[in-house]
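Take a look at the structure set out below.
Owing to the predicted nature of the structure, the values given are computational and were not obtained by experimental measurement. Labels below follow one simple rule: chain letters A, B, ... track the order of the sequence lines, proteins then strands, and each chain is numbered from 1. Hydrogens, waters and symmetry mates are skipped; everything else that's a heavy atom, side chains included, is used.
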There are 2 protein chains.
Amino acid sequence: MSSPNLEALPQALAGHAGYLLVRVGKHAQRMFSLAVDRLGLRPSHCDVLLLLAERGALAQVDIAGTLLIERAHLVALLDQLEARDLVKREADPRDRRRHAVRLTEAGAAVTAEVAALAVQVEGELLGELDPAERTLFREILGRIARDADEGD
Amino acid sequence: MSSPNLEALPQALAGHAGYLLVRVGKHAQRMFSLAVDRLGLRPSHCDVLLLLAERGALAQVDIAGTLLIERAHLVALLDQLEARDLVKREADPRDRRRHAVRLTEAGAAVTAEVAALAVQVEGELLGELDPAERTLFREILGRIARDADEGD
DNA sequence: TATTGTTATACTCTATAACTATA
DNA sequence: TATAGTTATAGAGTATAACAATA
């Protein structure tokens with residue numbers, strides 16, 4: 001019996017949504033990480049790209065705040081994306097402390113690939129659920145996420 | 001607008017269960033981590049304690065396999081728990097390569113506190129859901145977790 | 001030969017403080 | 001004085017390889 005077995009977990013872990021959430025969340029992260037590895041990207045790079053694709057140019061502090069990552073961490077992520085010409089930092093004439101970060105054309109193309117991979121990974125993750133359950137599950141997750149935001 | 005705002009996320013992130021799972025999973029981990037910090041424990045310590053509380057003595061390779069952590073990582077966790085006299089490693093007479101790891105009395109007492117905190121944290125996490133939704137949510141999470149196990 | 005516990009290494013993520021330039 | 005971007009550091013989680021003792 002070498003394969004990890006959820007049935008072997010005590011009820012104190014497997015019966016609680018908290019533990020399962022952490023465990024399944026890490027699994028989702030790992031699957032997505034594996035999927036975008038072929039693009040030479042990590043999940044946090046992808047989050048930035050997807051955000052910029054829909055919201056246009058943003059200051060770094062806004063990217064960090066929306067994605068719940070540290071300002072300090074974002075710097076290196078943007079350095080890497082900029083080195084591959086996927087994003088560019090431009091001066092913001094209205095506030096010279098801020099950088100307007102936006103996708104390049106190459107960045108927009110890669111982001112489309114990322115979005116397709118995200119859909120594919122979600123399909124694998126929710127493979128066991130029928131369409132009604134998927135919708136319900138997404139809705140509940142969204143409510144918990146919103147509640148978590150307010151608690152901060 | 002300084003607070004992180006889920007509404008500001010693009011549909012490509014907020015509309016997908018994968019991203020929400022990762023985000024909510026990290027939130028759950030952080031909440032539990034904060035809760036057990038007063039006991040001087042981290043979540044991975046607690047997972048080991050809760051497992052031993054229900055399953056009795058286990059070999060290290062079985063603990064690691066069940067909790068999906070690395071054998072190599074578990075060594076340091078057990079060193080720390082043993083230094084606080086919460087668990088003990090005993091010789092297994094039937095296979096002298098193995099250690100039988102079990103809770104001490106002090107460990108059992110601390111584990112009871114951990115279990116109570118876990119219940120409390122889950123209550124905060126699922127505060128927005130009515131009882132029927134909680135049950136359904138747990139059930140769906142369990143199915144995804146089981147599916148993830150089989151995929152490995 | 002294979003497995004168990006162990007040590008060591010490295011990479012990512014996270015959290016924090018302090019510096020600069022601008023406001 | 002406060003904020004935006006940056007740099008640096010340290011802790012925790014994760015992944016991997018290699019070793020000694022034992023099967």
Between A/Arg23 and A/Leu9 the two heavy atoms that sit nearest each other are NH1-CD1, 3.2 Å

Taken to the nearest whole Å, CD1/B/Ile69 to P/D/dT14 is 8 Å

Separation of D/dG13 atom C1' from B/Arg71 atom CZ, nearest Å, is 18 Å

Here the residues of residues 37-50 of chain B within 4.0 Å heavy-atom distance, strictly under, of DNA chain C are none

Decide, yes or no, whether a salt bridge links [X] with [Y] under the criterion of side-chain N to carboxylate O below 4.0 Å.
{"X": "A/Glu133", "Y": "B/Arg143", "answer": "yes"}
{"X": "B/Lys88", "Y": "B/Glu82", "answer": "no"}
{"X": "A/Glu150", "Y": "A/Arg146", "answer": "no"}

Applied to residues 102-112 of chain A, the side-chain hydrogen bond (donor to acceptor under 3.5 Å, both in side chains) test, sequence neighbours excluded, yields A/Glu90-A/Arg102

The first and last nucleotides of DNA chain C lying within contact of chain A, meaning any atom under 4.0 Å from one of its heavy atoms, run from C/dT12 to C/dA23

At under 4.0 Å between heavy atoms, what does B/Ala59 touch on the DNA or RNA strands: base, sugar-phosphate, or nothing?
sugar-phosphate

Per-helix bend value, the helix from C/dT1-D/dA23 to C/dA23-D/dT1, C1' rotation axes over five pairs per end, 10° rounding, shows 0°

The correct set of residues in residues 91-103 of chain A placing a heavy atom under 4.0 Å from DNA chain D is A/Arg97, A/Arg98, A/His99

Ordered by number, residues from residues 73-90 of chain A within less than 4.0 Å of DNA chain D (heavy atoms) are A/Val75, A/Arg89

(message) Run A/Tyr19 and B/Phe32 through ring pair (Phe, Tyr, Trp, His ring centres under 6.0 Å) and show every step you take.
(response) CA-CA 9 Å; A/Tyr19 178 76; B/Phe32 186 62; 9.1 Å; no

>> Quick one about B/Gln60 and B/Arg98 (side-chain donor to acceptor, distance below 3.5 Å, no hydrogens or angles considered), yes or no?
In response: no

